[in-house]
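Have a look at the structure below, then the notes.
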Amino acid sequence: MAKKPSVYLLWGQQRTNDRKTKRRGSNRVRGCGVSKAYCPKLQINRIKMKLYCLSGHPTLPCNVLKFKSTTIMLDCGLDTTSVLNFLPLPLVHSARLSKLPGWISKDGTVNLEKELKECAGRVFVDSQPEFCVPERELLDLSTIDVILISNYHCMMALPYITEHTGFTGTVYATEPTLQIGRLLMEELVNFMERVPKAQSATCWKNKEIQRILPGPLKDAVDVWIWKRCYSMQEVNSALSKVQLVGYSQKVELFGAVQVSPLSSGYSLGSSNWIIQSHHEKVSYVSGSSLLTTHPQPMDQSSLKNSDVLILTGLTQMPTANPDGMLGEFCSNLAMTIRAGGNVLVPCYSSGVIYDLLECLYQFIDSANLGTTPFYFISPVANSSLEFSQIFAEWLCHNKQSKVYLPEPPFPHAELIQTNKLKHYPSIHGDFSSEFRQPCVVFTGHPSLRFGDVVHFMELWGKSSLNTIIFTEPDFSYLDALAPYQPLAMKCVYCPIDTRLNFHQVSKLLKEVQPLHVVCPEHYTQPPATQSHRSDLMLELQPPPMPYRRCSVLNLPFRRRYERVYILPELANSLVPSEIKPGISVATVSAVLHSKDNKHTLQSIPKPPPVPPSKKRKRVMEEPPVTPAPKPLLSGAVPLEAFLTTLQKHGITEVKVEETADGHILHLQAEDTLIQLEEDGTHIVCDNNEPLRTTLRDLVLRFLQKL
Amino acid sequence: MDGECVSLLPGVCKVLADSGRSLPDDTSLEKLLDWFTGLSKTGGSLLESCPCLLEFISTVGSNTALDPGVLSFALRLAGLIAAREAGFTVLQERSVVDLVFNPQHWQDAGLWSDPCIRIGWIQGLQNMLQHPKALSFFVQSDLTQLLLQLQADTSLFVASAASQLLGHILLRFQPPPSSRREGTGETAEDHQGTSVEYAAVVVVISEYIQKSLSTEGSTQHRRSVQLLRLLALLLAQAGPPLRDTLLQAVGDALKELVAAGCSQLTLPLMDVILAAHSCGADKPDRHLSCLLSSMFSVNKPADLIQAAAAFLRRGLHDSDHSVWAVRILLLPLDIVTGRSLLGSKDLDEHRLSTAEELKIKNSCISLLCLCLTNTPHITLLPADLLPCPPGLIVTAVLALLSISSGQNSASSSPTATSCTEVSRNVIGSSKVQKCALEALAALSCCPGGKEKMNEVFTVLLQYLDSPDSDPTVLHKSYLALIKWMSLCTNLSFLTEQLRQDLLSVVRKRVCDVRWEVRDSTVEFVGKAAGVLTSPEEAPEGLPVSTAPLLKEALQDTESYVRASAIGALAQTQWHSWQQGAALTQQQTETVSRLLEILSQDTEGFARRAVVQYFISWFSAVSSHASPSSSISSYPSASLLMNSVRSVLSFGSADLDWEVKVHTLELARLLLDEAFLAEWGYRKSPDSYAGDSERTCRLHTHSRGVESDLAGVLTSLVELGVISALLSGLVDCDRPVALKACRLLIRLRDTVSWDSESQDASAAMATVTRVSCELPGWGWGQEIKKVLESKSSDWASKDCATALILSGADDGDSDQDGGDRMHAGVCEVLRSLGLDERLDILSQSSDHVHNSPLSLLQDILDASAAHTHPNTQPGQEVIVDCY
């Protein structure tokens with residue numbers, strides 16, 4: 001019977017958030033391990049949990065959870081939509097872009113000719129594009145213990161957090177997340193560094209000036225915190241802090257909480273996270289998908305019984321069904337090629353592109369596109385295509401089983417082998433000599449502000465035979481196209497977002513039944529453009545707690561219990577007595593030892609043996625220094641039996657009065673009162689100690705002693 | 001009856017009456033009974049043609065140790081024999097009727113508990129109860145009570161058969177109206193006797209129905225449904241006296257049932273009420289009107305709308321209730337779309353309950369679908385029955401489609417909040433979408449619909465463009481589009497934008513990932529070309545702009561799409577063919593591509609479509625060519641005729657029987673064309689026409705035309721028509737052989753000569769010189785074999801050799817090693833025994849297997865096998881299992 005005994009110990013003291021006390025410390029206490037019903041009323045300490053929201057973008061989240069003395073950052077998304085305010089960075093000299101007129105206010109008082117250019121009726125910032133990084137002022141980011149990354153799209157701001165904030169913690173992510181995330185960062189750095197721009201525009205950010213700028217620059221928010229892209233060195237340093245984890249692997253954080261990634265089904269290695277202590281469970285759901293695409297399917301059952309579920313990363317296109325969009329993509333592609341035009345697909349170098357290629361692999365023959373070349377141009381194209389084939393354990397079952405066959409999991413390998421798909425690091429070099437039209441080009445960046453895509457926009461934009469098909473949902477395609485207007489090429493918007501939609505998430509939440517749901521405020525109302533679509537919002541009971549950038553939420557969730565271990569020898573010394581069938585109690589005198597958020601009750605060390613001496617002998621006969629604890633009493637005094645007993649002891653004149661809590665017995669002859677109440681018995685008797693003692697003993701006869 | 005069958009029947013009866021013998025399978029008795037039923041229906045007396053049956057029934061009836069299946073068979077057979085008065089009398093004289101239809105007899109034998117016996121008894125009675133004597137027997141034997149008890153039988157089949165028998169008795173013996181009685185041969189006494197017994201039965205049965213409905217109406221729904229069905233059947237067919245009696249009996253019970261408002265009984269109750277209502281006098285009965293009104297005031301939206309739909313479907317002239325039913329049916333559409341279709345607020349009570357019901361997803365969808373299905377019918381009702389103009393209903397259906405696609409919200413109305421909740425159930429529901437699209441297609445015929453054309457096109461194009469529309473929804477959208485397009489002959493009524501949108505959506509969908517969508521799109525293009533017949537259709541109009549898409553679709557990986565594309569191409573070119581327009585280079589390329597498909601495509605669908613393409617082309621041209629001008633005057637005649645030659649050659653050698661049948665259809669057109677121009681030959685409307693459709697023989701040939709006949713025949717030979725027909729004749733697929741045979745007979749009859757005529761020999765000489773080539777392999781050899789066998793029948797081998805004019809005349813041997821032969825067409829036609837062959841081919845391929853003779857033989861054989869000493873027990877079971 002080696003079952004480790006445990007008791008519930010109720011705190012009596014507020015814990016501080018000090019790191020030192022968080023990790024070590026000990027206390028000596030005297031407590032009693034009794035069932036709740038017989039427990040004396042102790043002050044229950046309730047520690048609040050807080051969520052700090054550092055990003056306003058629902059699919060590129062960055063939140064910090066303070067939970068049980070740990071500070072956990074959940075994702076580190078980088079909002080890149082800010083780049084839409086900047087001019088594109090052309091790979092080769094563009095006469096059109098270099099001749100754009102500078103912007104001067106109408107009255108001529110503000111001249112920002114060097115910083116802002118007018119292009120196609122809008123004003124753009126002419127400098128290296130900048131990103132909207134997570135909020136850094138809301139809390140001290142150096143106090144963050146760990147960062148949990150859920151997928152490679154949600155880690156792009158990592159260098160901004162780990163490199164210049166004093167961060168000393170660990171980043172947890174799965175291997176594909178780390179590797180593909182690295183590729184995406186590398187690609188981003190490459191895109192920026194390939195076309196260096198010395199100029200840095202800052203004047204327009206001046207509040208007074210920004211106010212008079214035309215939209216959408218006028219309405220851009222938090223422009224002062226926009227940052228230029230990090231360097232490769234910073235990327236490497238940031239990624240060196242990543243510790244790899246596997247699905248369902250449990251990672252202990254200071255003994256206080258355990259975190260564990262679960263498959264979220266969205267992308268290779270994408271995860272949701274469970275953060276739990278012995279008595280509390282928080283689920284973090286970010287970028288999940290229930291569709292059967294290439295990644296491992298979503299683990300839903302482990303999300304059950306959460307106290308709080310933080311829900312982010314739902315689809316950005318709730319009305320666009322991915323299957324339908326994939327169909328649109330294919331038919332528009334075929335239509336353009338048949339008419340002799342080229343197709344440009346601005347995309348990220350990993351993710352949906354694998355599914356697009358797989359779909360095209362099946363579609364090519366049926367649409368008679370067998371001879372059309374497909375080009376994938378990205379500095380990391382080769383690595384991305386290869387990586388996808390080697391992360392077998394992170395793939396869906398269907399693809400995993402192909403590992404045992406000669407064919408690779410993704411069919412793009414065959415497209416490459418048969419020369420239907422060719423990949424190049426950039427438009428320079430081999431590509432320019434092998435380029436054949438009409439063709440299909442997959443290249444980044446989906447914002448159309450940098451990367452090889454800028455070149456193709458300049459090249460193909462003027463012909464109505466060509467088509468640009470947007471598949472990435474992160475950018476408004478109209479804004480992306482703004483600096484290229486007027487544009488003759490056809491534009492097709494087929495955003496493919498496989499993340500959960502509202503229908504799926506409602507079903508999921510019905511199944512996993514969290515007590516509370518926290519989500520971005522966007523999810524609590526229908527999209528602004530479709531206010532009649534009440535089906536495109538979360539409707540829950542109780543309603544979800546919404547957050548926005550810079551919100552600090554007190555989570556509606558209180559910690560009540562803490563687990564305390566009792567060492568075996570101490571447990572052996574306990575003498576439980578049964579107070580009612582099945583429930584035994586025992587008193588415990590012990591030292592409470594707390595270290596790394598683990599609490600252990602240890603036996604009180606015996607005092608060092610005192611050498612026998614005559615002088616001390618008398619002392620030894622005296623009661624010990626620590627008096628034996630008085631027995632604890634339990635039970636109730638039955639009135640009739642007690643009266644009978646009193647009568648036997650010669651007390652006959654008793655007047656019984658019923659009160660709200662019990663009875664008052666008035667012993668008239670003795671002029672003494674006995675108050676029998678539910679939780680106490682009082683004998684009020686003046687100057688008659690023998691009588692009080694007798695009465696006390698009579699009462700005690702009816703009570704159990706521990 | 002076949003003599004052979006008559007001779008086998010006694011043996012079969014013996015087998016059946018012998019309890020130890022087994023039957024080939026459990027359907028044998030049913031087949032045998034079907035045969036007897038057929039025989040008795042043809043008018044002959046069963047007892048006269050098969051006297052052994054009397055003995056059989058008497059023996060079997062008293063042998064209760066027999067298999068219940070055989071006993072049940074005997075009961076039904078006895079009924080069949082007794083269905084005629086003569087048979088009844090014979091059976092009664094032998095006391096067979098009293099024995100077999102006496103339930104006590106079966107109860108004593110302990111067999112009544114077997115449902116097989118009970119159902120045999122019921123069906124036997126039903127067979128027998130065709131004349132007054134049988135009814136007298138039924139009444140005098142006091143079988144009515146038992147029959148009523150059987151209505152509640154534990155076996156559903158028995159209960160249902162018993163219910164049918166009740167109906168049969170009441171309807172069969174209704175006193176004929178006085179006008180009908182004359183000439184039926186019934187004497188007044190006869191009828192009097194019957195009517196007394198009949199009246200007694202009617203009273204008993206109506207009391208029974210009334211009592212059962214009142215006691216079981218609210219509890220036993222299954223029984224009530226059965227009773228109501230019986231009642232509906234009776235009321236629909238009953239004459240006035242019976243109907244009045246029944247209605248009087250069940251009136252109160254029906255009222256109670258209606259008031260109980262049980263959902264499961266809504267439809268059966270409506271059937272009863274409507275059956276009574278529709279056969280009543282011009283002015284509806286007051287009680288029935290009350291019942292209907294009660295049905296329409298139940299406050300359960302689902303029941304209410306079902307009742308309303310049932311009422312409208314019946315098409316009764318009851319304007320009060322029609323107005324009400326229309327309002328009920330339109331209510332869900334009114335609520336969901338927020339269009340005030342109903343105007344006034346007299347449906348307030350129902351509006352609330354319906355709005356509540358619509359908030360539940362399943363109910364919402366089923367209510368809306370019922371409503372939508374009925375909208376086309378509603379718009380065709382007289383205007384005074386409608387609460388709004390039909391155009392508004394079209395607008396509401398369009399609004400519903402918009403809501404369902406997530407495009408629009410319901411327009412603001414007092415119930416807007418509930419609308420939001422309801423529209424959530426409708427958004428993305430493909431069931432609602434399909435139903436609404438079907439309704440919209442049917443609404444194209446509604447008065448004033450044409451004004452809504454642009455609105456309709458806008459919504460349909462939204463659906464066609466939406467990435468979320470599933471293939472069935474897209475298909476239905478196309479169908480609706482075609483329906484609406486067919487209201488006009490060109491697209492000029494559409495805005496320029498809509499025309500552009502239509503073109504671009506078609507261009508996109510023809511490249512869809514899903515083959516079903518590509519298929520529907522290609523089909524649409526073809527149908528649209530068929531509908532848009534106006535010459536005003538601009539060059540950039542739909543048919544012209546979509547032709548390249550169809551050509552592209554000929555390369556599709558899916559054979560259905562290729563087939564549809566070929567069909568669509570034919571439809572788009574029909575007008576230019578008819579108008580005799582010169583072929584473009586593109587069309588010439590298409591023709592060679594089609595011939596390539598016919599010769600190489602691995603899928604039958606595409607090849608069938610190619611043959612049909614040429615059928616269409618040829619028909620278009622020949623319908624255009626006037627009787628005086630021939631096809632040769634047509635601009636692309638040579639391309640057409642060369643192609644037809646190839647089609648006949650490839651098509652008749654195809655592996656797919658349908659391709660071959662289509663090829664023969666083309667041959668038929670060629671025959672029609674060839675003889676029509678010269679001879680005033682009557683075109684056959686249907687290639688499968690039987691003897692009656694055979695063309696008249698051309699007895700009116702005059703001297704000089706025989707050489708033309710020879711010329712026509714020669715051209716048919718050269719085109720390959722004769723080869724196609726001959727190869728078809730010996731084809732192993734019956735439909736092919738049958739069609740070829742019919743065409744050959746027509747050809748034979750056309751070219752045959754009245755040998756008695758003076759000019760016969762001279763004319764014969766010219767025509768008989770026309771010969772065709774028979775290959776030395778395959779069908780050529782088959783034909784040769786047929787000719788040889790026929791000539792041996794005639795005991796004149798020389799004749800066969802005479803038919804074959806020459807073999808391998810030029811010394812070339814066929815590729816397969818066989819020698820080619822030439823044969824005189826006329827002689828071949830005469831010598832193939834075509835009429836005999838037609839008789840054989842006209843029978844279904846299993847006619848031998850399914851013949852009564854085969855059945856009788858099977859029964860005898862099975863019994864012989866069973867009693868054979870060498871047969872192991874269980875052996876036949878194994879054979880059966882196999």
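Labels below follow one simple rule: chain letters A, B, ... track the order of the sequence lines, proteins then strands, and each chain is numbered from 1.
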Original post:
Where on A/Thr319 is there a heavy atom nearer than 4.5 Å to chain B: the side chain, the backbone, both, or neither?
Top reply: backbone
**OP:** Please indicate whether A/Tyr523 has more than 12 foreign heavy atoms, meaning atoms of other residues, nucleotides or ligands, lying under 6.0 Å from its OH.
**Re:** yes
Original post:
Is a side-chain donor-acceptor pair under 3.5 Å present for B/Thr472 with B/Asp470?
Top reply: yes
Original post:
Applying a criterion of heavy atom separation less than 4.5 Å, what residues of residues 329-339 of chain A form contacts with chain B?
Top reply: A/Cys330, A/Ser331, A/Asn332, A/Ala334, A/Met335, A/Arg338
Original post:
What orientation do A/His294 and A/Tyr354 show, parallel under 30°, tilted 30 to 60°, or perpendicular over 60°?
Top reply: perpendicular
**OP:** Please work out which of the three classes, parallel, tilted or perpendicular, describes the rings of A/Phe456 and A/Trp460, given edges at 30° and 60°.
**Re:** tilted
Original post:
Just by distance, do the side chain of B/Tyr613 and the backbone of B/Arg608 share a donor-acceptor pair under 3.5 Å?
Top reply: no
Subject >> Heavy-atom proximity to chain B below 4.5 Å, by part of A/Gln530 >> reply: side chain
**OP:** Report yes or no: do B/Gln555 and A/Asn368 form a side-chain donor-acceptor pair below 3.5 Å?
**Re:** no
**OP:** Show your reasoning for whether side-chain hydrogen bond (donor to acceptor under 3.5 Å, both in side chains) applies to A/Tyr493 and A/Glu328.
**Re:** CA-CA 9 Å; A/Tyr493 189 50; A/Glu328 288 289 287; over 6 Å; no
Subject >> Region of B/Glu558 that comes under 4.5 Å of a non-hydrogen atom in chain A >> reply: neither
Subject >> Worked verdict on B/His475 versus B/Tyr478 for side chain to side chain contact (heavy atoms under 4.5 Å, CB included) >> reply: CA-CA 5 Å; B/His475 183 67; B/Tyr478 279 130; 5.5 Å; no
**OP:** Taking heavy atoms only and a threshold strictly under 4.5 Å, list by residue number the residues of residues 509-522 of chain B that touch chain A; give 'none' if the list is empty.
**Re:** B/Arg509, B/Val510, B/Cys511, B/Asp512, B/Val513, B/Arg518
Subject >> Lys/Arg cation over aromatic A/Phe374: A/Lys422, 6.0 Å, 45° cone >> reply: no
**OP:** Would you confirm whether B/Asp601, through its side chain, and B/Ala606, through its main-chain N or O, come within 3.5 Å as a donor-acceptor pair?
**Re:** no
Original post:
Are a donor atom and an acceptor atom from the side chains of A/Gln362 and A/Glu358 found within less than 3.5 Å of each other?
Top reply: no
